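First comes the structure, then the notes that go with it.
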Amino acid sequence: MSQLLSVILAAGKGTRMKSQLPKVLHRVGGKAMVQHVLDAAKGAGAVRNVVVIGFGAESVATSLGNQAEFVVQAEQLGTGHAVMQAKELLADFDGTVMVLCGDTPLLRAELLTKLYTEHRQAQAVATVLTANMPDPTGYGRVIRNSNGQVIKIVEHKDATPEERLVTEVNTGIYCFERSALFAALAGLNCNNVQGEYYLTDVMSILASQNAKVWATAAEDFQETFGINSRAQLAEAEKILRKRKAVELMDNGVTIMDIDSTFIDADVTIGADTIIYPFTWIEGASSIGSGCEIGPNTRLQNTTVGDQSTLHFVYAHDCTVADQVTVGPYVHLRPGTSLATGVKIGNFVEVKNSEVGQGSKIPHLSYIGDTDMGQKVNIGSGTITVNYDGKHKHRTTIEDGAFIGCNTNLVAPVTIGQGAYVAAGSTITKNVPATALGVARARQSNIEGWVSKRKE
Ligand code: UD1
Ligand code: CA
């Protein structure tokens, strides 16, 4: 059985982005452009993925890590030259090489699967994915003979006025049989307007040898868009956002306003969850079913269970279980884990803390570096004093403890199971289970003080 491998061209600088960052690392739909391309290649069944890097090589390689193999193209001498760099690495590979560009983030696995399937059915040595562009300016044109057979691809800059009338363009995506590809690449020259080694010339070389050269058209030309500028990046962002929203709605998620909802490509959301406007769900986040998220909520790398409600919340790197309510105006910081049935009310910050089942932090509290048991009640204005200026310390609050309002818990400190802390206390010593901790000055009343003062 033949195997599929991808070569992703990503060595160019992307001058028009006017950026220090290599073009393919610009993020869209929550991921670097090249990551979208790699994901599409993997989705189409590529068993190996080779990325050709050049400009900003190190940062591209770091960004993709062990998801791909890398070859460096030190000088950008053209797309053909770029593919040649993979020759040695692929010397033993027996199968189909799919060539892609790192700047086409709208690409989907289904389209690549269609290309690969047609390539194999046609038993071609080379198949180009084409698209019919209303305005083909700038693209390479696919030139066919009178029998409809592809004979060459001619770059816009090299094309005759007649060739420029052709609206079927090269998307820059192809399937090649490996041995035929590298044999043809060896025959490239750079006798063209741009003085580059064009990958596209492989098609005419193979066609002139009577090898089978094939073309298949993408139905939706939008999917193969290459991003060259920030304006195009913003357009792609819109398309990806909308696509994600439609996918989620098709799976039973209600999105009240897709124009003000920003959900990254890899986020998962269960059925019957409602997303209110002005909500961002980013990175490796997942939301269960029957939840209400938003309005005005931003979740990054956060997992939420079923039937939880988060409104006016900013949470990052957190875990929220089932039937939890959070908000409004809550900040959940990294390392926070809220167990089933927890309630976090308004103006609360929780950082690096475990909050046990059914516990409540209803108002105006800072809980940091805390291990909280089940059914704890935290009074309004409770602060865990976790930082002594040098080190962070943990606070332990055991099951069923009741913390009175306006309390400072100076860590390290433990409030035992079922213990009470009197309102207004600054607790510096452990409170044993079922005890009452009081740490405040006793009140004294001075009779008649006000009337004396007035005299
Ligand atoms: C290329 C095609 C053109 C097609 C268009 C589709 C060629 C000669 N032309 O043109 O027919 O219509 O794509 O978008 O192939 N790259 C390298 N190293 C290089 C040169 C390019 O890695 O030396 C990478 C770029 O980073 C980019 C991709 O290859 O990701 C395409 O290169 P680009 O210069 O944008 O090609 P186009 O002129 O757009
Ligand atoms: Ca391009």
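One is the number of the first residue; the rest follow in order along the sequence. Note that the coordinates shown come from a computational prediction; the quantities given were computed from them, not determined experimentally. Whatever order the structure lists ligands and atoms in, that order sets their numbers, starting from 1.
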Does the pair [X]/[Y] count as a salt bridge with the N-to-O cut at 4.0 Å?
X	Y	value
E163	K152	yes
D94	R178	no
K392	D369	no
R243	E247	no
E110	K114	no
D39	R108	no

Review point. Regarding H311 and E292, is there a side-chain donor-to-acceptor distance under 3.5 Å anywhere?
Key: no
Under 4.0 Å from a heavy atom of [X]: which atoms of ligand 1 are those, numbered in the order shown and with their elements?
X	answer
A82	17 (C), 18 (N), 22 (O)
C101	28 (C), 30 (O), 31 (C)
L77	23 (O)
Q76	18 (N), 19 (C), 23 (O)
T200	7 (C), 8 (C), 9 (N), 11 (O), 15 (O)
A10	22 (O)
G140	3 (C), 4 (C), 11 (O), 12 (O)

Practice item. Measure E155 to ligand 1 on non-hydrogen atoms and call it side chain, backbone, both or neither using the 4.0 Å cut-off. Key: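 The answer is the side chain.
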Exercise for review: Of the side chain and backbone of K23, name the one, both, or neither that has a heavy atom under 4.0 Å from an atom of ligand 1.
Suggested key: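 The answer is neither; K23 stays 4.0 Å or more away.
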Is [X] in polar range of ligand 1, meaning some N or O pair under 3.5 Å apart?
X	value
Y198	no
N170	yes
G12	yes
L9	yes

Review point. Under the side chain to side chain contact (heavy atoms under 4.5 Å, CB included) criterion, do M33 and L233 qualify, and how do the steps go?
Key: CA-CA 9 Å; M33 289 203 263; L233 189 69; 4.2 Å; yes
Check your understanding: Considering only heavy atoms, which of N192, T79, V37 lies nearest to atom 32 (O) of ligand 1?
Key -> T79
Review point. Should T171 be listed as contacting ligand 1, given a heavy-atom distance under 4.0 Å as the test?
Key: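 Yes, that is the case, since the closest heavy atom of the residue is under 4.0 Å from the ligand.
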Exercise for review: Tell me, please: is G78 in heavy-atom contact with ligand 1, that is, under 4.0 Å?
Suggested key: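 Yes, that is the case, since the closest heavy atom of the residue is under 4.0 Å from the ligand.
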Review point. At what distance, to the nearest 0.5 angstrom, does OG1 of T319 lie from CG of N301?
Key: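 Going from OG1 on T319 over to CG on N301, the span is 10.5 Å.
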Exercise for review: Let me know which of R141, R144, E168 forms a side-chain hydrogen bond (donor to acceptor under 3.5 Å, both in side chains) with T130.
Suggested key: E168
